[in-house]
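Note sheet for the following structure.
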Amino acid sequence: MVTDGSPVGTGVIHDIGYQRYDGPRLGRWQIATALCWHSLRSAFGMRRGAKAKIVPVILFVIMCAPAVVNAIAMELNPAHARIVNYDTYNPPQLRVFLVLLFIAAQAPELVARDLRSKVLPLYFARPMRRLDYPAAKYVAFVLALLAMIDIPIVLLYIGTVLQVHGWSQVWAQTRAAFPGLLVGLMWAVVLAAVGLALACVSGRRAFSTGAVAIFLFMTLILSLVLTNIAEQPVPGQGPGPGG
């Protein structure tokens, strides 16, 4: 139908100022690296408000407290030996509790928001493969857990080395600290996978946090109970040959 010589229903395209992107287009590796870096910053609340930084910062400060106490004790009494172990990082129950609390609080930060916002199709619209997204999230969370676990051990090592004398003692501290760092790496590799897998159960932050917290703390309680049972003497069994 034509009215006054013009077709009905025609539209007009207005130029509202958008410009085409003429810069370099990044590939699969750069996109995965950027996603990993963004996830690592999100794990510690970087580039976000102060509320997002409260939990990771407080947990990190408490985690570093034994290393600071050890350095102060050795400074006040140079003859005093190191009071914190590298592998168990006394008290060990405090470190386990803080690490599990960090996982329960921050693992949903990496995946639950993407599920709730339904932005996964936007990620996969780029030259990313299906495994690039979970791999980037996993690497980022492993690095975040390494920072939480191993940076306090490095501070403990530095505070101890500054108080000892002689290369032999420095080398002894280095050999003692290396297994502690490996223990932290083992924790990070295993717990990051468990935490992220449980955090994917829901896009709601509360449900995701609850799933991670319940599983981790229930397994912790179960392990403590089984350890106590294993350490109890068997009824009717006398002392060993050396008793």
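Heads up: numbering here begins at 1 and tracks the sequence. No experiment lies behind these values; they were computed from the predicted model shown.
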Item to check | Any Y133 side-chain heavy atom under 4.5 Å of L35 side chain | outcome: yes
Item to check | Residue that, paired with W187, satisfies side-chain contact (heavy atoms from CB on, under 4.5 Å) out of L185, V189, V183 | outcome: V183
Item to check | Heavy-atom neighbours of R116 CZ exceed 12 at 6.0 Å | outcome: yes
Next on the checklist: What verdict does the side-chain contact (heavy atoms from CB on, under 4.5 Å) test give for N85 and L156, after you've listed the backbone C-alpha separation in whole Å, the side-chain angles of each residue and the deciding distance to 0.1 Å?
Outcome noted: CA-CA 9 Å; N85 296 327; L156 174 63; over 6 Å; no
Checklist entry - Does CG in L131 sit with more than 12 non-hydrogen atoms of other residues, nucleotides or ligands closer than 6.0 Å? => result no
Checklist entry - Is N77 reaching over with its side chain to a backbone N or O of A73, donor-acceptor style, under 3.5 angstrom? => result no
Next on the checklist: So, taking the atom named CD1 in I62 and the one named CG in L94, what distance separates them when rounded to the nearest 0.5 Å?
Outcome noted: 7.5 Å
Checklist entry - Taking atom CZ of F97 as the centre, does the number of heavy atoms from other residues, nucleotides or ligands within less than 6.0 Å exceed 12? => result no
Checklist entry - Stepwise, does the side-chain contact (heavy atoms from CB on, under 4.5 Å) test hold for F44 with M148? => result CA-CA 10 Å; F44 290 98; M148 284 290 299; 4.2 Å; yes
Checklist entry - Passes side-chain contact (heavy atoms from CB on, under 4.5 Å), V201 versus F207? Steps please. => result CA-CA 8 Å; V201 298; F207 294 161; 5.7 Å; no
Checklist entry - Heavy-atom distance under 4.5 Å between the side chains of I103 and F141, does that happen here? => result yes
Item to check | Any donor-acceptor pair under 3.5 Å from Q106 side chain to A43 backbone | outcome: yes
Next on the checklist: With side-chain contact (heavy atoms from CB on, under 4.5 Å) as the criterion, how do V69 and V84 come out once you've worked through the C-alpha distance, each side chain's angles and the decisive distance to 0.1 Å?
Outcome noted: CA-CA 9 Å; V69 171; V84 180; over 6 Å; no
Next on the checklist: Distance check, rounded to the nearest 0.5 Å: I158 atom CD1 versus I153 atom CD1?
Outcome noted: 12.5 Å
Checklist entry - Do D132 and I31 touch side chain to side chain, with heavy atoms closer than 4.5 Å? => result no
Checklist entry - So, the side chain of S208 versus the backbone of R205: is there a donor-acceptor pair under 3.5 Å, distance only? => result no
Checklist entry - Going by heavy atoms in the side chains, are W171 and T174 under 4.5 Å from each other? => result yes
Checklist entry - Can the ring centroids of F178 and Y157 be said to lie less than 6.0 angstrom from one another? => result no
Item to check | Over all atoms of both residues, closest heavy-atom pair of S202 and L115 | outcome: O-CD1, 4.1 Å
Next on the checklist: The criterion is side-chain hydrogen bond (donor to acceptor under 3.5 Å, both in side chains); which residues satisfy it with Q173, sequence neighbours excluded?
Outcome noted: R82, Y86
Next on the checklist: Are the side chains of T209 and P108 in contact, using a 4.5 Å heavy-atom criterion?
Outcome noted: yes
Checklist outcome for this item: Y138 and A192 have their tightest heavy-atom pair at CE1-CB, 3.9 Å
Item to check | Spacing of N70 atom CG and L155 atom CG [to the nearest 0.5 Å] | outcome: 11.0 Å
Checklist entry - Between K137 (side chain) and L110 (backbone), is there a donor-acceptor pair under 3.5 Å? => result yes
Item to check | Heavy-atom check, side chain of I83 versus side chain of M74, under 4.5 Å | outcome: no
Checklist entry - Do I149 and R95 come within less than 4.5 Å of each other through their side chains, counting heavy atoms only? => result yes
Item to check | Minimum side-chain heavy-atom gap L40-V139 below 4.5 Å | outcome: no
Checklist outcome for this item: dist M63:CE -> L59:CG (nearest 0.5 Å) comes out at 7.5 Å
